[in-house]
Trainee: 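Handing you this structure, nothing more for now.
Letters A, B, ... are given to chains in the order of the sequence lines, protein chains preceding strands, and every chain is numbered from 1.
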Protein chains: 2
Amino acid sequence: MGGFRGLRLMDTHPASSADGARVVRRAISLLREVSAARGNGATLKMLADSAGLPQPTAHRLLKVLQAEGLLERDAASRAYRLGSLLYEFGLAAVPRVDARRLCAGTLERITRAVGDTTYLNSRSGNDALCLDRREGSFEIHALPIEIGNRRPLGVGAGALAVLASLPSTEADAVIEANARRYRRHGLTAERIRIYVEATRARGFAITSGRIVAQYRGVAIAVGNGIGGVPASLAVVAIAERLDPRRVEQVARILIREEKSLREVLAIAPAGPTESPVP
Amino acid sequence: MGGFRGLRLMDTHPASSADGARVVRRAISLLREVSAARGNGATLKMLADSAGLPQPTAHRLLKVLQAEGLLERDAASRAYRLGSLLYEFGLAAVPRVDARRLCAGTLERITRAVGDTTYLNSRSGNDALCLDRREGSFEIHALPIEIGNRRPLGVGAGALAVLASLPSTEADAVIEANARRYRRHGLTAERIRIYVEATRARGFAITSGRIVAQYRGVAIAVGNGIGGVPASLAVVAIAERLDPRRVEQVARILIREEKSLREVLAIAPAGPTESPVP
DNA sequence: CCCGGAATTCCACCATGTGAAATTCAACAT
DNA sequence: ATGTTGAATTTCACATGGTGGAATTCCGGG
């Protein structure tokens with residue numbers, strides 16, 4: 001296949017086995033970017049950009065993914081979104097341990113206690129993934145994070161709590177890998193590192209409307225994760241509903257719920273068999 | 001990239017746009033094969049075989065897919081299964097119209113009425129996909145079809161009903177494309193064509209333990225499909241519980257439920273926007 | 001009508017993916 | 001123990017399938 005002439009743009013996965021299929025990795029990288037896109041999906045430009053691919057290359061791959069049903073495309077906006085085949089694969093891919101089910105009660109209790117929207121996040125590669133959500137009585141307007149949405153670990157309260165719960169060396173690697181992506185959120189790797197430190201010192205994460213202005217989040221990491229996968233519980237509300245005093249209250253509730261969740265998880269079975277290639 | 005010397009083995013997707021990424025298509029084809037595998041997953045041999053790829057090629061692609069988290073591998077049996085990243089994508093890929101939700105009541109009512117296991121199937125490419133299931137009081141032992149499992153359209157009652165509901169030209173194309181796969185189920189394209197004819201004449205599908213001996217299924221297609229996607233309702237039981245007289249009863253129930261389901265669907269919104277590439 | 005940015009198509013080029021063949025590994029029988 | 005069979009894995013010389021800069025088309029706004 002083709003050569004490349006210009007400067008090297010790619011390398012979305014810096015530390016990956018050399019041999020294999022570059023194209024396949026690129027295609028998957030595009031899928032990840034599409035599933036990271038919030039709201040109405042992502043345009044070719046955005047995707048090519050964030051996957052670090054030249055536009056024509058991205059275009060070609062996206063076309064194949066669409067033809068195969070992994071992606072769909074909005075006729076009007078030309079934006080790509082995940083396709084029905086991925087939904088179908090999702091049905092067949094039963095998770096080793098079902099985090100959503102295990103945490104359903106916890107989420108519900110927190111939401112009832114605080115009245116605001118509650119999130120369950122988990123780590124997925126360099127991303128935080130929104131696994132589940134309970135809407136509080138005080139609705140968040142302005143596109144909230146949906147179930148299945150991704151963003152770089154560290155961006156947002158829930159994602160920050162997950163990142164801070166990783167071993168230092170691993171957290172550093174993630175921050176490094178995400179450096180470029182932070183910029184699109186008006187952040188830098190350096191700043192994230194500071195946040196992580198603060199989160200570790202404090203024991204839980206707080207964010208102040210960096211992503212969507214006017215919103216604030218409080219989040220706590222779940223013990224050693226769920227089935228070995230790092231995870232967090234988060235509460236998000238408009239900033240004025242989360243003054244320092246109330247942050248304190250919410251944090252107390254989160255700490256309590258995390259503790260009892262950890263006990264439940266201690267009984268549940270262990271992690272996967274051989275997921276990452278040796 | 002590489003040339004090929006031996007005879008042409010591939011062509012899982014006979015009618016697909018020439019230009020693009022062959023590798024990507026092959027990789028996706030492998031994913032489909034993995035998700036078609038029942039029970040404990042699929043071995044390299046099986047996958048290479050059914051995807052029509054030389055073993056080393058399949059091996060290389062599977063390794064990448066595993067490294068990226070789309071596949072996992074059982075340490076002991078070396079068998080591949082769908083990975084957690086696909087589950088995660090599935091969360092984000094909200095279906096245009098939620099067939100499972102729309103048919104939940106129907107499935108429950110049928111199961112209660114007949115006492116045996118009931119399935120909701122839909123078409124996905126050349127496959128029938130098990131979208132949902134309700135266990136009857138008379139359990140099916142011997143690995144039943146799980147939610148998310150696939151098999152070639154035409155193999156099994158539910159899959160046959162879906163196939164027979166397609167326009168003749170389309171059904172023929174599907175049968176043609178699946179010819180090789182039928183053989184692995186002890187069937188032939190010719191025989192499937194006969195079954196389709198019989199199903200159309202009868203108005204519903206019956207199968208007699210072709211797949212798993214001793215079992216029998218009765219199935220009916222759902223009007224014009226669900227959100228434009230062809231689908232079926234099926235009841236499966238051990239053969240002795242489905243003698244001709246009882247088949248008649250079950251069919252009556254299916255016909256009644258299909259009718260009322262069709263009315264519910266008439267209110268629900270329409271199909272996708274621009275899924276298959278022009 | 002014309003402009004700017006995004007989407008799409010072209011196409012010369014060669015690095016990348018290919019697959020037959022050889023090697024290792026695992027399970028089972030002798 | 002030792003051979004035997006079949007699957008999994010690695011190797012490597014080769015030429016084709018993928019590449020991406022440049023050119024073209026499309027679309028929305030002024």
Trainee: Would you mind reading off the distance between A:Asp49 atom CG and C:dA7 atom P, rounded to a whole angstrom?
Mentor: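 So the CG-P distance, A:Asp49 to C:dA7, works out to 11 Å.
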
Trainee: Specify the separation, in whole Å, of atom CG of A:Leu30 and atom P of C:dA7.
Mentor: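 Taking atom P of C:dA7 as the reference, CG of A:Leu30 is at 13 Å.
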
Trainee: Should B:Ser124 and B:Asp127 be marked as a side-chain hydrogen bond (donor to acceptor under 3.5 Å, both in side chains) after you check the CA-CA gap, both sets of side-chain angles, and the distance that decides it?
Mentor: CA-CA 5 Å; B:Ser124 172; B:Asp127 292 336; 5.6 Å; no

Trainee: OP1 or OP2 of C:dT8 less than 4.0 angstrom from a side-chain nitrogen or oxygen of A:Arg73, does that happen here?
Mentor: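 Yes, A:Arg73 has a side-chain N/O under 4.0 Å of OP1/OP2 on C:dT8.
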
Trainee: Just how far, in rounded Å, is P of C:dA26 from CG of B:Leu44?
Mentor: 15 Å

Trainee: Has B:Asn149 got a side-chain atom pairing as donor or acceptor with B:Glu146's backbone, closer than 3.5 angstrom?
Mentor: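 Checking the backbone N and O of B:Glu146 against the side chain of B:Asn149, a donor-acceptor pair under 3.5 Å is found.
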
Trainee: Out of D:dA8, D:dG20, C:dA7, which has the shortest distance to the side chain of A:Pro56?
Mentor: D:dG20

Trainee: B:Thr57 side chain N/O closer than 4.0 Å to the phosphate oxygens (OP1, OP2) of C:dG19?
Mentor: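 For C:dG19, OP1/OP2 do have a side-chain N/O of B:Thr57 under 4.0 Å.
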
Trainee: On DNA chain C, nearest-nucleotide positions of A:Lys45 versus A:Val24: which is more 5'?
Mentor: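 Residue closer to the 5' terminus by nearest nucleotide: A:Lys45.
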
Trainee: Under 4.0 Å: is that the gap between some side-chain N or O of B:Arg60 and OP1 or OP2 of C:dG17?
Mentor: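 No, no such contact exists.
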
Trainee: How many whole angstroms separate atom CG of B:Leu53 from atom P of C:dT18?
Mentor: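 Going from B:Leu53 (CG) to C:dT18 (P), I get 9 Å.
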
Trainee: Just how far, in rounded Å, is P of C:dA7 from CG of A:Leu61?
Mentor: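 Distance check: A:Leu61 CG to C:dA7 P gives 15 Å.
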
Trainee: For A:Gln55 and D:dT19, what is the distance between atoms CD and C1' respectively, to the nearest whole Å?
Mentor: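 Between C1' of D:dT19 and CD of A:Gln55: 15 Å.
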
Trainee: Is the phosphate of D:dT9, meaning OP1 or OP2, less than 4.0 Å from a side-chain N or O of B:His59?
Mentor: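 Looking at the OP1 and OP2 atoms of D:dT9, one of them is under 4.0 Å from a side-chain N or O of B:His59.
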
Trainee: OP1, OP2 of C:dC25 versus side-chain N and O of B:Arg78: anything below 4.0 Å?
Mentor: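 No, B:Arg78 has no side-chain N/O under 4.0 Å of OP1/OP2 on C:dC25.
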
Trainee: Let me know the distance between CZ of A:Arg22 and C1' of D:dT16, rounded to the nearest Å.
Mentor: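 These atoms are roughly 15 Å apart.
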
Trainee: OP1, OP2 of C:dT16 versus side-chain N and O of A:Arg25: anything below 4.0 Å?
Mentor: no

Trainee: Thinking salt bridges, do A:Glu33 and A:Arg150 make one under a 4.0 Å N-O criterion?
Mentor: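 No, this pair does not count.
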
Trainee: If you draw a 6.0 Å radius around CG in A:Asn40, do more than 12 non-hydrogen atoms from other residues or ligands fall strictly inside?
Mentor: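 Counting neighbours around CG of A:Asn40, 12 or fewer heavy atoms of other residues, nucleotides or ligands fall under 6.0 Å, so no.
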
Trainee: Can you check the B:Arg26 CZ to C:dG17 C1' distance for me, whole Å?
Mentor: 9 Å

Trainee: Please determine, for the side chain of A:Pro54, which listed nucleotide (C:dG19, D:dG18, D:dG20) has the closest atom?
Mentor: D:dG20

Trainee: Of the candidate nucleotides D:dT9, C:dT18, C:dG17, which contains the atom at the shortest distance from the side chain of B:Tyr80?
Mentor: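 My answer, after comparing the listed nucleotides, is D:dT9.
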
Trainee: OP1, OP2 of C:dT9 versus side-chain N and O of A:Lys63: anything below 4.0 Å?
Mentor: yes

Trainee: Tell me, do A:Arg26 and B:Val24 make a side-chain contact under 4.5 Å, heavy atoms counted?
Mentor: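 No, too far: nothing below the 4.5 Å cut-off.
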
